[in-house]
Amino acid sequence: MQSTKASVDSLFINQSQLGRESFRAALHTSIDSLLDQWQKDQGPYSGILPGKLAASVESLFQLQPSGESMESVFQDIQQHLLPHLVDVSHPKCLAHLHCPPLIPALAAEVIVSSFNQSMDSFDQSGIASLVEEEILKWLCAKFSYGNLADGTFTSGGTQSNYMGLLLARDAFCENTWQWNVQQKGLPSEAHRMRILCSKNAHFTVKKSASQLGLGEQAVVLVETDEHHRMDLNDLKKKLVELKEQDLLPFAVVATCGTTDFGSIDPVRDVYDIVKPYGLWIHADAAYGGALVLSETYGNKLDGIELADSITIDFHKQFYQPISCGAFLLKDKRHFGLIHYHADYLNPKEDELDGILHLVHKSVQTTRRFDALKLLLSLRLIGEEGFGDIIDHTIDFAKDVAALIESNDHLDVINPEPEINAVVFRFKGADDINKIIHRTLFKSGAAVIAKTVVDGQTCLKFTLLNPRTTITHIEEILSDIVDIGIAHIQSGRVLR
Ligand SMILES: *Cc1c(COP(=O)(O)O)cnc(C)c1O
């Protein structure tokens, strides 16, 4: 028994000397191994492809029935795990909308996970629920939402987009047929319901439509203009066509920061066009939402306050560790469409007594206290600090686009980046760009993205990291051009 008591004291947080020391030792060992890894100053990835990682995975799974010491486990972690993770904080890691995390947010993560609060009910979260509500109020105000607004933290953009379309669907059924989807499921006319978004909108619009029982057929893609934004004339045309076909457009998704180009659909114009039709406007600002903190570029989000709901992703340009996102709602009464009472969790009498149970606003039940990460980041670096970082990356992306344009071997697809993504290609056959992408990844020298624009393979830098310098970019471009030229030459030799 004695030994069990000792071992649980070393395994769970408690006041004993053993508990305190175990907590400190575990976190210190973990932090030291990270610092050791970063000390090595390797590239952003070991370059090893999945087929060759099996031996490392096997070493990590040498499970001992009665467990092991921290030292022996961390030896394996350091040898077999850390070197093969993608180092998102490396200045040459530029592939996706995948940010280097802010150090203050990492400190918050320790508190979030150690206290392990759950945001569904007040008796599992205490003040955490109030803190989350306060951050949401701050966000609603930032987006110029009025007094009726509210929101919830989510796991990210996917869940936020899903919530926007879920509420839009249910509100439409309620208003059109006095039909309660929560109670009765989809009405028989649901197959006629349509969602509009630009062809550059995120794939989760289609994914949500299918999960909401409307099918991917419900999503009508609107053409884009030369800046990759929703083409307003085509939006008007599509609306007329849908009406002529006796279909029921009920929502439009305006993307504020598309994944490839960061382009921003003009929400105010979209609003003017769809207002006579009574459509729900959902602004997917997963990427561009952070511009709200920029003095210089905040006006790019003009009109976003007209949207009925907004997606924001903090694990992108807000530099929060995954996961961290939010869903904002202009009229909080719409949360009533997904309201449930569970006797054990949020009984009606508690609500009447003013006790806060946030579960009614979320599609999740158990939910992390991610709001603390954002609070600590805001306290430590301030809104201006955030704004400066964001502005820097946008200005930097312009310099990078100009640098690429000046290179005879390369073509820039978006010479004036809207946010901080730059899309370009090595001139020549399409497969050269695929080869460059793969070769660069395998070399471990840089991690960049690949995408397809108008049928052509392109390369992409997503310049979220404010520590990336023009020298880093020059080095990557030189690698890219070398690989491209070597490929052409080897091709000539072979032919
Ligand atoms: C990233 C992204 C999403 C999806 O968000 P997750 O956090 O990955 O779930 C949705 N829309 C846009 C525009 C995005 O950039």
Side-chain angles (χ1 to χ4, degrees), residues 86 88 94-101 105 139 143 151-166 168 195-212 216 219 221-222 224 227-230 251-267 270 281-292 300-301 304 307 309-328 362-364 367-368 370-371 373-374 390 393-394 397 414 417-423 449 451 453 460-464:
V86 177
V88 291
L94 309 172
H96 300 282
L97 282 165
H98 184 181
C99 65
L139 271 168
F143 281 91
T152 182
F153 270 70
T154 64
S155 60
T158 304
Q159 190 184 99
S160 300
N161 283 348
Y162 172 81
M163 287 190 77
L165 292 171
L166 168 73
I195 299 162
L196 295 118
C197 65
S198 96
K199 61 179 197 185
N200 285 347
H202 199 260
F203 72 88
T204 49
V205 175
K206 274 193 183 156
K207 196 168 165 177
S208 299
S210 71
Q211 291 170 351
L212 290 168
E216 289 187 9
V219 179
L221 297 182
V222 178
T224 47
H227 300 293
H228 312 280
R229 293 179 303 209
M230 185 181 282
V252 59
V253 177
T255 311
C256 298
T258 58
T259 308
D260 271 349
F261 295 104
S263 42
I264 298 176
D265 292 341
V267 188
V270 169
I281 303 176
H282 178 73
D284 178 0
Y287 176 13
L291 297 184
V292 80
K300 286 180 187 265
L301 296 175
I304 197 165
S309 52
I310 304 176
T311 287
I312 309 160
D313 234 351
F314 303 115
H315 56 223
K316 288 178 177 167
Q317 185 90 54
F318 282 85
Y319 301 100
Q320 299 300 302
I322 298 165
S323 60
C324 200
F327 171 73
L328 302 184
S362 180
V363 296
Q364 287 175 251
R367 197 160 52 75
R368 286 166 54 82
D370 288 318
K373 301 189 283 200
L374 198 57
I390 292 161
T393 63
I394 298 175
N414 62 333
E418 190 72 64
I419 310 179
N420 45 31
V422 184
V423 183
T451 185
V453 181
K460 181 171 82 161
F461 291 154
T462 311
L463 300 160
L464 294 182

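No hydrogens, no waters, no symmetry mates; every other heavy atom, side chains included, goes into these values. Each ligand, and each atom within it, is numbered from 1 in the order the structure gives.
Looking at ligand 1, you'll find an N or O of K316 within less than 3.5 Å of one of its N or O atoms. For the pair D284 and ligand 1, the shortest N or O to N or O distance falls below 3.5 Å. Residue A286 has no N or O atom closer than 3.5 Å to an N or O atom of ligand 1. Between H315 and ligand 1, a contact under 3.5 Å exists for at least one N or O pair. Every N/O-N/O distance between Y287 and ligand 1 stays at or above 3.5 Å.
D265 places a side-chain N or O within 3.5 Å of a backbone atom of M230 that can act as its donor or acceptor partner. Side-chain atoms of D313 come within 3.5 Å of backbone atoms of G157 as a donor-acceptor pair (strictly under, hydrogens ignored). No donor-acceptor pair under 3.5 Å is formed between the side chain of D260 and the backbone N or O of V423. With S263 contributing its side chain and T258 its backbone, the two residues share no donor-acceptor pair below 3.5 Å. Under the 3.5 Å distance criterion, the side-chain polar atoms of Q320 are matched with a main-chain donor or acceptor of F318.
Atom numbering of ligand 1 starts at 1 in the shown order; those under 4.0 Å from a heavy atom of N161 are 10 (C), 11 (N). Heavy-atom proximity to G156, at under 4.0 Å, picks out these atoms of ligand 1: 7 (O), 9 (O). Remark: ligand 1 atoms within the under-4.0 Å shell around heavy atoms of L97 are 15 (O). Of all atoms in ligand 1, numbered sequentially from 1 with element shown, those under 4.0 Å from a heavy atom of D313 are 1 (C), 5 (O), 6 (P), 7 (O).
Rounding to the nearest 0.5 Å places NE2 of H96 at 7.5 Å from OG1 of T462. Note that CD1 of I419 is 8.5 Å distant from CG of L97, once rounded to the nearest 0.5 Å. The CD1 atom of I310 sits 9.5 Å away from atom CZ of F327, with the distance rounded to the nearest 0.5 Å.
Looking at atom 6 (P) of ligand 1, its nearest protein heavy atom turns out to be G157 N, 3.3 Å. The protein heavy atom nearest to atom 8 (O) of ligand 1 is T158 OG1, 4.1 Å.
Distances from ligand 1 to the non-hydrogen atoms of G257 include at least one value under 4.0 Å.
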